[in-house]
Protein chains: 2
Amino acid sequence: MSRRVTLSDVAELSGVSAITVSRVLNQPEKVSEPVQNKVNAAISKLGYIPNRSASALASARSGVIGVVIPSLSNNVFNDVLRGVYDVTGPAGYQVLLVDTHYSPIEEERMIRTLLGQAPEAMIITGGNQTEHARKLLEKAEIPIVQIMDKLDEPVDMNVGFSHRKAAFEVVERILAAGYTKLGFLGARMDPRAQQRLQGYRLAMEQAGLLNDDLVLTTPRPSSIAMGCELFKGLVAQSGGLCDAVFCVNDDLALGTLFECQRMNISIPKDLAICGFNDIEASALVNPPLSSVRVPRHEMGVVATEMVIKAIKGEVISERVVDCGYQIKMRESTRAVA
Amino acid sequence: MSRRVTLSDVAELSGVSAITVSRVLNQPEKVSEPVQNKVNAAISKLGYIPNRSASALASARSGVIGVVIPSLSNNVFNDVLRGVYDVTGPAGYQVLLVDTHYSPIEEERMIRTLLGQAPEAMIITGGNQTEHARKLLEKAEIPIVQIMDKLDEPVDMNVGFSHRKAAFEVVERILAAGYTKLGFLGARMDPRAQQRLQGYRLAMEQAGLLNDDLVLTTPRPSSIAMGCELFKGLVAQSGGLCDAVFCVNDDLALGTLFECQRMNISIPKDLAICGFNDIEASALVNPPLSSVRVPRHEMGVVATEMVIKAIKGEVISERVVDCGYQIKMRESTRAVA
DNA sequence: ATTTGGTATGATAGCGCAATCATGATGCCT
DNA sequence: AGGCATCATGATTGCGCTATCATACCAAAT
């Protein structure tokens, strides 16, 4: 059972002090070339791999960025995460990812766990933290970006967009296309889904078209199958009175589309469909689905760049970034003739 | 700038020694109840959060499990990852996730990075490691599971299934349904995709139907849009001669389906389509797509349970688990009349 | 009364590394 | 020639925690 290779093993083999080896690894410009070569040779000969725990303890820098997302199954967060990794990797940070299952209680526990790793920064989805979790975050005194939502009172920094405004605007566009009996389908109903529902309600109310029979939501997880189910539910609940459906996300919209195909409901002639998120499939199904494109990957990138800048002590001029969205009106909500 | 709260702060406030506080956290059964209460009160009063780096250093147990996947964008790995988290969370392990972008060179670097965190175990996708990476893994002397593939010579443990066999079998089924000009579409072409192609070739050859004009692959990333593109390419390349297409994954199959809908090619009358992975959409589109269901979540769960058992020193009776697959024949490959 | 054994708590040391300060060597200026 | 940066390297210390061994105490058994 061979003991782990340490810095001083390398130091001994290369005939220098331990701290010099440390410098070769962390600040090579401070070490002369011949010494560097000796040390590097010893490192590869011994297969030395630095122990990050010890490094973190000694330097008070863990090289870890904590990321809190509500769900691993939701592909939306995947894209964000990819953006995060695209920045952390080259910058030499590790990502510690936790999944809260959409529960603020669990989120608080996860944040506590993460803080135990002494992350140098955190990226957190949304602003729905428990009071205690928020205190923990504030006390941590590290850069924190809350992403996805546009928040009124971010803990620290914020990168997101207004889901309410986006939904409001897309509903206005659908109504402007001539539809009047626009239903709403929602699942999971996390804070962002709630805000989209609010946007829908606001726009419908403003147009004098709000009708609770046209709204159907469930707290259960969202999926394409759930879209099929909810659409059937909405048909039953509204007496088949809808001429359009706004779905809280594209999964539900796809489910609705596929179900309509089976029910011989022609899109958009008999029914218009609009989703949210603009996942890849939406533009490629037949007919292409209208949706709201949101810069998921970009949010991950921007948020990560912000925290890394902040870690380095640089001044962040824009601590709140509204990264906007794009409404994609496609065939599925073509204007009524 | 308040200094971080440490164990000894808690010890001082509660009037016990530091080691006792440590015990309250790690082995509470060894501490009397009144002392536990005192200590816990002090912990919450001070908002103490243990420093995992120090703990890892002192105990030589990091509580970290390293996970290596080739791509964050591929949802297949997402499901696996969810399985991993479902086990690690309750067991109190942290996951350190890295993304190799399908590159063995990058994988080697990532493995090195991971090992620096002194993970107690590792879960790695596939068996395509560089020679050096393999050495590193062996030298690490920690439990390692390679997942997704069924490997001939795993580094340590293995949970997966034979992609070649699965593809071979599903191609046989398609041929048995009466199709003779079965094309193959592939993208990304990682080792698993290659194996599926091999399975296809084997089955086609065995049936005397192999024809290179029916095979079209690209190293570029897979996506639904790529499915559309490849299908158009295959039509051009084969002179429209296919009566069926086997796609290396469901994204390509969906792309093919959607493109066929636009080209007024009727499925399965004019063309049969079969995918691989059985993602949610496959069963819900029209017509439902045949596919091969693979236990992604289960692989994550099983692999993680195995390494955790191994960490605890339990004996793993089955070090190689073939978790199989299920062929789902649906409307898209209905037998020709 | 003494031994034994178990339980609860503490003292000490050290995990592997980097911050800090110290030292010696070198070059360059006046 | 003397003084003073500048550079390369080293010695020491401590980060916050836990392993290890030691100690104090009490109950039961002799």
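Computed over heavy atoms, backbone and side chain alike; hydrogens, waters and symmetry mates excluded. All chains are named by letter (A, B, ...) in the order of the sequence lines, taking the proteins before the strands, and each is independently numbered beginning at 1.
Between A:K135 and A:E131, at least one side-chain nitrogen of the basic residue sits less than 4.0 Å from a carboxylate oxygen of the acidic one, meeting the salt-bridge criterion.
A heavy-atom distance below 4.5 Å is found between the side chains of A:N51 and B:L57. When side chains are defined from C-beta on, A:P70 does not count as touching A:D99, because their heavy atoms never get closer than 4.5 Å.
The footprint of chain A on DNA chain D, defined by a heavy-atom cutoff below 4.0 Å, extends from D:dA8 to D:dG16.
Take B:R61 and apply the side chain to side chain donor-acceptor pair (under 3.5 Å) test, not counting sequence neighbours, and it matches no residue. B:T304 pairs by the side chain to side chain contact (heavy atoms under 4.5 Å, CB included) definition with B:V84, B:V87, B:T88, B:I123, B:I308, not counting sequence neighbours.
The stretch residues 53-66 of chain A touches DNA chain D through A:L57, A:A58, each having a heavy atom within less than 4.0 Å of the strand.
Using modelled atom types and a 3.5 Å distance limit, the side chains of A:E108 and A:Q129 yield no donor-acceptor pair. With 3.5 Å as the limit, one finds no donor-acceptor pair spanning the side chains of A:S103 and A:T100. The closest side-chain donor-acceptor pair between A:N128 and A:Y102, if any, does not fall under 3.5 angstrom.
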Protein and nucleotides 4-10 of chain C: nitrogen or oxygen contacts under 3.5 angstrom:
residue : atom : partner : partner atom : Å
C:dT9   : OP1  : B:S32   : OG           : 3.0
C:dT9   : OP2  : B:S32   : N            : 2.9
C:dT9   : OP2  : B:S32   : OG           : 3.3
C:dG10  : OP2  : B:S17   : N            : 2.9
C:dG10  : OP2  : B:S17   : OG           : 2.9
C:dG10  : OP2  : B:T20   : OG1          : 2.5
C:dG10  : N7   : B:R23   : NH2          : 2.8

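Contact record, B:I49 with A:R112: CG2-O, 3.9 Å, taken as the closest heavy-atom pair.
For residues 32-44 of chain B, the set of pairs meeting the side chain to side chain donor-acceptor pair (under 3.5 Å) definition, not counting sequence neighbours, is empty.
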